[in-house]
Amino acid sequence: MSGLEAFVLTVMAAATPLLLAATGELVVERAGVLNLGVEGMMAAGAVVAFAVALGTGSAALGALAGALAGVLVVLPFVFLTQVLAANQVASGLALALFGLGVAGLFGEGYVGQPGVRLEKLHVPALSDIPFIGPVLFGQDVLVYVSFVMTAAVGWFLFRTRWGLMLRAVGVNHHAAHALGHPVRLVRTLAILFGGAMAGLAGAYLSVSYTPQWVEDMTAGRGWIALALVVFATWRPVRVLAGAYLFGAVWIMGLHAQAAGYGLPPQLLSALPYLATIVALVVISRNRALTLANTPAMIGQPFVPER
Amino acid sequence: MMVLEKRAAPSRWWSIGAPLLALGMAVVLGALLFAVLGHAPSRALYVYFVEPLTSAWSLEELAVKATPLMLIGAGLALAYRANVWNIGAEGQLIMGAIAGSAIPILLPGWNDALAMLAMLLLGAAGGAAYAAIPAWLKNRFNTNEILTSLMLVYVAGLFLDWLVRGPWRDPMGFNFPKSVAFDGWHVLPTLTGRVHLGFVLALLAVLILWVIVHHMRAGLAVRVQGIAPRAARFGGFSAPSITLGVMLFSGALAGLAGIGEVAGAIGHLQPSISPGYGFAAIIVAVLGRLSPIGVVFAAFLLALTYLGGEAAQLALNMPAKVAQAFQGLLLFLILAAEVLVHYRIRWRGRAHGAARARQGGGA
């Protein structure tokens, strides 16, 4: 395996959870809802995926269970924000704390156990081509899922009537309501989708990236995914680019640590977080660009008027 | 079907009743959670919520844990009033602890009352300076303070880790990742047992919050900014200064909590100096309904979740995360109950609703 090949493969591995979670959150925010609880949903997805993979011996089943866990853990958030019109920022923070706490609680018995790793695809002949083989035809299923979902979300949002409705709900919920669109139903479905994607992102961490369960193994990726959505100005293709950019930063930090360079390892570990801040500054300073794409209703509760 | 009806004015009764209702529901759901984990709910609830209140030692410990929660919660209450979502208090706590610890670690010879005062001031300044970063970025570049302040938590944690494993490690400490032990004036004086000076500072912080909120123009500015930013602009209040002001205030108090922990409760720097007080204080501010007196009660309650969590760990062999799970649950329930303050809940059949819609159709 060449150095470049190893680099590309590790960057893809680091980018995949970010891409999965950010694509889910993109749909949520396009519907006008801010769910800050991505980190908690990822943690829940990671621990459940790990447990189910270990129990059944099937990592794929584990990944599915992780997505389901993301859906289940986001239900209180749906009830709070869609039924009770509660503050979305505070509800999302509650979800982040709750998800991390519950994941730690139920994961206690799994700490230190070796997990089940998701199998990599192997296509005869194709997977054996140098470089292109492992990169294109030798990934595990979740990597392909992340690409397919990004494309599907882009197609859905900008090429279908349903996507148009979802975006309308996010831009002006009163107008959408007046047109007869079921605002809260659309938002609920968007939030559930975001939960499934965040759960899948967590599952990727615990059945593919490092097949084990460690407390707080999400390491801020959920928050970085949130920043990615802003960085991508709510566009799927840019989320893809951003996820790979951040994946590359993450991996370069790890490589620099291994190589030494005399830099403190903590500084290199801090790189992804610092890069996130820089990325937010770069994109947010261009107010016209962010304003043009920000779903106008983001974070605002909708209470139908009778 | 459940329908929400906006109240003309927030209900006074429910603004006290809602947090209590949330607490009651949290205890019930907590009992269920314990049962799921295979513990007798009554015994678990007793160990978690009652036993910590039955001895002098544990009451003192409750005040020790309430100290940082009250300090940070008071600061966050002001920030959240202005709709500025500082959620990086944990990082500001760490930076305050680091800044304040510079004196015992770098100038060990300076050990008098003035040194202690300087430690506290440096702690507050460190936290405030660190909180100024997201505030400045928001004002200058329009970045989201939620995400930037949170990213800085990870950076602060790594910075502390580097310090105590590297340049600030105790040379006589057998290679353990911790600084020299503080002594003399570098340790905060205690009031009783382990309760240290920080507790007085926390009460003082709540008092300052009360003065700002109820007796100063700045408090009005913050409130208007939070409720109606446009009105605040017309009223001549500057949004950037309010953002910076409340971030500095909440950062300074978080920094003070940090140096309080290090110079009071712990006695040296180590890689981990807080079990998430900065995050739990978010719940303190919200549960206390952003009011000064509410923050005091909420700080003690959240301190109890930590203390109960420790007791449950020891007595029932429960995982350490039980406290965090319970805190998240509590915040969910508080937010759910909060709806009663602002809305009336009506139950209505579909037919009835449709009839009303027809009646209202002509209007």
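Every chain is numbered from 1 and lettered A, B, ... according to where its sequence line falls, protein lines coming before strand lines.
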Worksheet item: What part of B/Ile282 lies closer than 4.5 angstrom to a heavy atom of chain A: side chain, backbone, both or neither?
Response: side chain

Worksheet item: Which bit of A/Ala103 is near chain B, if near means a heavy-atom gap under 4.5 Å: side chain, backbone, both or neither?
Response: neither

Worksheet entry | Contact origin within A/Ile224 toward chain B - heavy atom pairs under 4.5 Å | both

Discussion item. Could you check whether atom CZ of B/Arg140 has more than 12 heavy atoms from other residues, nucleotides or ligands sitting under 6.0 Å from it?
Written reply: no

Item to complete: Please state whether the side chain, the backbone, both or neither of A/Val282 comes within less than 4.5 Å of a heavy atom of chain B.
Response: neither

Worksheet item: Given A/Ser206 and A/Gln212, is the side-chain hydrogen bond (donor to acceptor under 3.5 Å, both in side chains) satisfied, shown in steps?
Response: CA-CA 5 Å; A/Ser206 69; A/Gln212 54 176 329; over 6 Å; no

Fill in: Atom group of A/Leu36 that falls short of 4.5 Å from chain B, counting heavy atoms
side chain

Worksheet item: Which bit of A/Leu80 is near chain B, if near means a heavy-atom gap under 4.5 Å: side chain, backbone, both or neither?
Response: side chain

Fill in: Spatial distance of atom CG (B/Leu331) from atom CG (B/Leu302) [nearest 0.5 Å]
9.0 Å

Worksheet item: What part of B/Leu33 lies closer than 4.5 angstrom to a heavy atom of chain A: side chain, backbone, both or neither?
Response: side chain

Worksheet item: Where on A/Ala227 is there a heavy atom nearer than 4.5 Å to chain B: the side chain, the backbone, both, or neither?
Response: both

Discussion item. Please identify, among A/Gly40, A/Pro76, A/Ala85, the residue contributing the most non-hydrogen atom pairs under 4.5 Å to chain B.
Written reply: A/Pro76

Item to complete: May I ask you to check if B/Arg344 and B/Trp14 form a cation-pi contact, with NZ or CZ under 6.0 angstrom from the six-membered ring centre and within 45° of the axis?
Response: no

Discussion item. With chain B as the partner, which of A/Leu271, A/Leu274, A/Ile277, A/Leu267 has the greatest number of non-hydrogen pairs under 4.5 Å?
Written reply: A/Ile277

Worksheet item: Quick one: what part of B/Leu335 sits under 4.5 Å from any heavy atom of chain A, side chain, backbone, both or neither?
Response: both

Worksheet item: Heavy-atom count around B/Lys321 NZ within 6.0 Å, excluding the residue itself: above 12?
Response: yes

Fill in: Proximity breakdown for B/Ile133 and chain A, heavy-atom pairs closer than 4.5 Å
neither

Worksheet, complete the sentence: Ranking A/Asn87, A/Leu97, A/Leu95, A/Leu105 by heavy-atom pairs under 4.5 Å to chain B gives rank one to A/Leu105

Worksheet entry | Within 6.0 Å of OH in A/Tyr110, more than 12 heavy atoms from elsewhere | no

Worksheet, complete the sentence: Applying a strict 4.5 Å limit to non-hydrogen atoms, the region of A/Val102 in contact with chain B is both

Worksheet item: Where on A/Gln266 is there a heavy atom nearer than 4.5 Å to chain B: the side chain, the backbone, both, or neither?
Response: both

Worksheet item: Of the backbone (N, CA, C, O) and the side chain (C-beta and beyond), which part of B/Ile283 lies under 4.5 Å from a heavy atom of chain A, both, or neither?
Response: side chain

Practice prompt. Examine whether an atom of A/Thr276 lies under 4.5 Å from a heavy atom of chain B, and if so say whether it belongs to the side chain, the backbone or both; otherwise answer neither.
Written response: side chain

